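Presented below is the structure to which this report refers.
Everything quoted here is computed from the prediction, not taken from an experiment. The chains referred to below are lettered A, B, ... by the order of the sequence lines, with proteins before strands, and numbering in each begins at 1.
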Amino acid sequence: MFADVVVPRTPLDELTYRFAPEEPGELHPGDIVRVPLRRKTVTGAVLRVRADTEISPEEIQPVIDVVASQFITPDLLRLLRWAADYYVCHLGEVLELVLPQIVSGKAEAVTAEIGAAENGFNSLPSELEQAFNAGNFGVWVTAQRSEFQKLLFDFIRRAFSNGSVIILMPEAYRTEFLPLLRRVWGERVIEYHHQMGKKQQKAAWQAIVRTNHVVVGMRSAVWLPVRRLSGVILVDENAESFKEERVPCYHARDVAVARARFASCPVLVFASPPSVETWWNLRRGKYHLLDRVNFRIDRTNVFVVDMRQHRRELVSPRALRDLRNALKQQQIALCYINRRGLSRYVECADCGTVLKCSRCQSPYILSGAGRVRCRVCGAEDEAPERCAVCQGMNFNYRAPGVDMVVRELKRLGIECQSVTGGAQDVQLAAADAGATGFAPVLVGTRTVLRSDRLRVPGLVVFLNFDTEFTIPDFRSRERAFSLLVSLLSRKPSRLIIQTTRPEDPLLELALQGKVSSFLDQELKLRAEAGFPPYKRLVAVEFSGEEKTVVNWVNKMVSELSVLPGIELLGPVKLLQRRQGNPQFRLIVKLPANLMPAKVIDRRKLRHPRIRVRIDVDPREML
DNA sequence: AGCACGCCGACT
DNA sequence: GTCGGCGTGCTC
């Protein structure tokens, strides 16, 4: 008999080994086995057992022994194949996610045990209840926080009486929900994520694979080889951390849905507002909406400031007044700006000349300590005191960042501090403020908003909302809209939106809470332009010595462009980050119903001296 | 990914 | 005549 075995942490697919049925005992798909590979013994997973093979007998090695029988469940085996096909990677790379390094492949023998049956819970919406009864897959979406909180515990109870529940949520939600979950399910609630330290993570993994639990994690938890998956919950599908940056660059939402489909269990998604992809699935009846997506928004404390009236200012008089009031009342005030640093380009206030890089003529970025830096070639220089053309000494700082805002606010006599780190940073700053009785204005990029998610924010100022939706990226309008709507739904005591495009329908629809209208419009735009969800994008990145890469990319472009139904965007040379090899990025647009691996052949892209990285469903175009 | 093989230059 | 640099290619 022969077994097709996949070895984690290798860029390999199945390798065939032989076994005598009586020797290691009978082998099954999902077994964890030890096999010889080269001159070593490695641990792998059996994907398939069969009676014949095309490989010549002298090349075939025997299975050494079985570490754990039927450890990987059939639904997870299907997920492995799906993920390798979808994310255009090897099975070995996906298996690594299921059997991570920390457990070194030594999985314990497993006992299947069903969670304690629980009584006395409220019944779920009938369709969802039916799905649980019949053991059916389905995706249920809720957009209202109150509704989601009502459903959450009943969904878990219902699912947990049947097997394990995997809950995927960002850190900010975890700090809120974990204590509540622990109060009900005690020890059966287990955290699993990368912030918890290797030792703890290993202990969590071993407990989770032994018996049923309520698992709470971020994206990696979606791959856990739980005994029996009976429900998945995904909170805040717009959270950026659901997308993995390393290969395979999976999105936890998509993996969760695929996994639930193979495991035939329901998925509950809290999406406020839903993503365009989810909205499309709701519209065509693939997902079920449990409530409404639109919000009732109280506009009395929301102000849109037309910055065309205040061209030269970073902070409008209205915002300035409110920030001063907030300081006086010791209320938490947040200033949001989309960029870090001081300024993305500097121009002479007198003649309009833009400071440019001496080497490549790209606009210089003003960084701290009076220096300028080129983001294309990495050159760095002393910031000049005078304009080279007219000798003027006044400069305008366009497209300012966090540091510039801090500088400007301080000049205006506003106590403030920048927040750069994670959510904890702001919690700390807030706690600090509570202790000292003084709350400076907090200035930052997205984290500054995320931090305050769980409480009602005080004053929030969007300093330059334009940069949110004018970025040339098909997702930028969706991102800007969801940022605004999720903030509005948290009802800040006062919100100021500074923009030079107050008439943009995006703003009006957000301020009216008309989520469905916006998403419908967005779907129309995506359909017309041929973007997701109507098309699928795959980014292929090449890096290496410039000349070699250019030649190779051109060759790949000519090979890919002849394929039917394929459209190529680029290639584009990416802005260089510090020193290193130049990177080129090619975006392949394919029909949404095609599996990427059916079109993109990894082996053909390979080149000995070029690093190739494939990102399916990239988050950004650049 | 690792790891061996192999073909070239520098050294005993 | 040997050691070791890394470019190339394979793993059942």
Side-chain angles (χ1 to χ4, degrees), chain A residues 1-21 23-67 71-72 77 80-81 83-85 87-106 194 198 220 223 244-250 540-552 555-556 580-581 597 600-616:
Chain A
M1 293 289 284
F2 303 98
D4 290 340
V5 175
V6 179
V7 180
R9 283 169 291 284
T10 60
L12 298 173
D13 287 322
E14 298 122 296
L15 300 175
T16 306
Y17 291 86
R18 68 183 147 77
F19 67 98
E23 202 31 61
E26 207 173 316
L27 281 189
H28 319 269
D31 287 356
I32 307 294
V33 291
R34 292 195 304 149
V35 290
L37 182 66
R38 285 287 161 113
R39 250 149 254 190
K40 277 182 156 181
T41 300
V42 293
T43 308
V46 175
L47 251 62
R48 196 155 61 122
V49 172
R50 52 193 172 133
D52 51 27
T53 178
E54 21 353 302
I55 297 170
S56 60
E58 61 271 20
E59 283 179 69
I60 294 207
Q61 295 278 336
V63 172
I64 297 169
D65 57 10
V66 181
V67 180
F71 182 77
I72 300 180
L77 288 175
L80 289 176
R81 289 196 187 280
D85 265 2
Y87 292 110
V88 202
C89 61
H90 296 280
L91 286 164
E93 293 170 312
V94 194
L95 186 60
E96 184 175 347
L97 301 165
V98 177
L99 301 173
Q101 185 104 65
I102 45 154
V103 298
S104 58
K106 279 186 190 165
H194 290 300
K198 290 251 185 302
S220 57
W223 301 100
E244 173 64 64
E245 299 281 312
R246 291 161 297 185
V247 269
C249 307
Y250 65 91
V540 187
E541 289 170 13
F542 303 84
S543 70
E545 191 268 312
E546 177 128 19
K547 222 173 149 187
T548 324
V549 181
V550 170
N551 287 336
W552 189 247
K555 194 163 172 239
M556 291 300 109
N581 282 325
I600 296 163
D601 188 343
R602 274 188 76 93
R603 285 164 303 179
K604 281 192 183 157
L605 292 167
R606 272 183 65 176
H607 181 110
R609 298 169 67 194
I610 294 171
R611 219 192 55 152
V612 181
R613 180 176 173 274
I614 297 175
D615 184 355
V616 177

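For the side-chain hydrogen bond (donor to acceptor under 3.5 Å, both in side chains) test, no residue two or more places apart in sequence or in another chain qualifies with R39(A). The side-chain hydrogen bond (donor to acceptor under 3.5 Å, both in side chains) test applied to R38(A) returns no partner, not counting sequence neighbours. By the salt bridge (charged side-chain N to carboxylate O under 4.0 Å, His left out) test, D13(A) pairs with no residue at all, sequence neighbours left out. R606(A) is linked by a salt bridge (charged side-chain N to carboxylate O under 4.0 Å, His left out) to nothing, counting only residues two or more places apart in sequence or in another chain. Applying the side-chain hydrogen bond (donor to acceptor under 3.5 Å, both in side chains) rule to E59(A) yields the partners S56(A); only residues at least two apart in sequence or on another chain are considered.
Taking atom NE2 of H607(A) as the reference point, atom P of dG7(C) lies 12 Å away to the nearest angstrom.
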Please tabulate, one pair per line, each protein N/O and nucleotide N/O from nucleotides 8-12 of chain C that are separated by under 3.5 Å, including the distance.
{"unit_1": "dC10(C)", "atom_1": "O2", "unit_2": "R38(A)", "atom_2": "NH2", "d": "2.4"}
{"unit_1": "dT11(C)", "atom_1": "O4'", "unit_2": "R38(A)", "atom_2": "NE", "d": "3.1"}
{"unit_1": "dT11(C)", "atom_1": "O4'", "unit_2": "R38(A)", "atom_2": "NH2", "d": "3.1"}
{"unit_1": "dC12(C)", "atom_1": "OP1", "unit_2": "Y17(A)", "atom_2": "OH", "d": "3.4"}
{"unit_1": "dC12(C)", "atom_1": "OP1", "unit_2": "P36(A)", "atom_2": "O", "d": "3.2"}
{"unit_1": "dC12(C)", "atom_1": "OP2", "unit_2": "R38(A)", "atom_2": "N", "d": "3.4"}
{"unit_1": "dC12(C)", "atom_1": "O3'", "unit_2": "T16(A)", "atom_2": "O", "d": "2.9"}
{"unit_1": "dC12(C)", "atom_1": "O3'", "unit_2": "Q61(A)", "atom_2": "N", "d": "2.7"}
{"unit_1": "dC12(C)", "atom_1": "O2", "unit_2": "T16(A)", "atom_2": "N", "d": "2.6"}

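Listed pair K40(A) / dG2(B) fails the phosphate criterion, with no side-chain N or O lying under 4.0 Å from OP1 or OP2.
Both R39(A) and T10(A) lie near DNA chain B, and the one whose nearest nucleotide falls closer to the 5' end is T10(A).
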